[in-house]
Amino acid sequence: MKITTAGESHGKAIIAIIEGLPSGLAIDLDEINAQLALRQSGYGRGGRQKIEKDEVEILAGVRNKTTLGSPVALAVFNRDYENWKAYMAPEGCDVSERTLTKVRPGHADLAGTKKFYTQDARNILERASARETAVRVAAGSICRQLLKTLGVEITGYVRSVASVKDEKEYTFEEIQKGRLSDLFMIDGKKQDEAKRTIEKIKADGNTCGGVLELRVKGLKSGFGSCMTYAEKLDARLAGALMSVQAIKGVEVGLGFEAAEKCGSEVHDEIYFEKGEYVRKTNRAGGIEGGMSNGEEIIIRAAMKPIPTLMRGLNTVDILTKEACRAAAERSDVTAILACEVILESVLAGELAAAVLERLGGDNLKEIQDRYGRLPA
Ligand code: EPS
């Protein structure tokens, strides 16, 4: 299974094509749109979200709410295109307006203008923009619906916003039921503190990131493989998550903490009780030897602060080579909740791909039968 996206932030639409989905998967459109709405929500979002109201349109691959086994094509149309078509229309437009030459540190602007040989970073930023993640959420939501038919579920929450950290540990169910709508944190006091911090950062014309934790429950052992490096599940999931704009670090289980501890404090001892293998800890985060081991998958990801700062950072105008402040028209202070929704979706996409690679199968029934026969 493969997901490809296309589309510019202020273009007509953003598009995804999912190849390799089985036939017979019931598609819940309301669920996709609920995920899209969640992605638009959260404390700290900026002006663009007041313009957009993301809804998916399924263009191909689904008939009567059920997949056909053909490529599924999805579109999320950009409402803001109406305000931008004079500068963005593929059929012809004015490219001398809305140029961006005061390149933003931390964005794709400078490296992109050199690589794609242009003097207008607009040609770069339109595609590099995190707007693309709307359709990744739509595609991921379909993959998540596939995983759900196998009993695999995903959740997650925000562990920290800037320097405000929640260091408690939560169960899957506590996360699913307990995350709060403003920032997807679980501890109300911490979330209030995080909101106050966001307000201060906003007043300063600045931006901030945070840390997210993702969990996968119900995945049987043996997905991914120790046999080739490209198949290792931890490498695949980390790669997928790092492909999301602003993600700068990913750790599985204890992650970086494992480097400071001794082996006895890191590895999860194995017991055999009542006819099955049992672990009493899950420091590995559900992946050993590049394969799922049947325990919950636990991943943390670090999101950097958004690179468009209202106060602007020192930079250079690429036309004049003069020092200036980086361009800023509007920006989110943080999109940490959106990022959590996006990462769950991207995780669903990569897991679904790993599951389908192992199980094969053209229709959902075949896949469910094969999954059912696997050991836990
Ligand atoms: C983004 C810049 C902003 C964000 C955008 C990502 O858009 P604009 O330039 O139109 O204000 O709002 O994110 C989204 C539009 C979205 O839907 O998440 C960027 O440069 O990455």
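Atoms considered below: every heavy atom in the structure, side chains included; atoms not considered: hydrogens, waters and symmetry mates. When a ligand or atom number is given, it counts from 1 through the structure's own listing order. Positions are given from 1 along the sequence.
- The backbone N or O of L374 sits less than 3.5 Å from a side-chain atom of K220, completing a donor-acceptor pair.
- For the salt bridge (charged side-chain N to carboxylate O under 4.0 Å, His left out) test, residues two or more places apart in sequence or in another chain that qualify with K261 are E257.
- Between the side chain of S129 and the backbone N or O of L125 there is no donor-acceptor pair closer than 3.5 Å.
- Looking at residues two or more places apart in sequence or on another chain, you find a salt bridge (charged side-chain N to carboxylate O under 4.0 Å, His left out) between E91 and K12.
- At a heavy-atom cutoff of 4.0 Å, ligand 1 is surrounded by H10, R39, R45, R48, Q49, H107, S129, A130, R131, R330, D332.
- Geometric assessment of R179 against the ring of Y157 yields a negative cation-pi assignment under the 6.0 Å and 45° thresholds.
- Hydrophobic clustering, defined by side-chain heavy atoms of Ile, Leu, Val, Met, Phe, Trp and Tyr closer than 4.5 Å, groups Y87 together with Y81, W84, M88.
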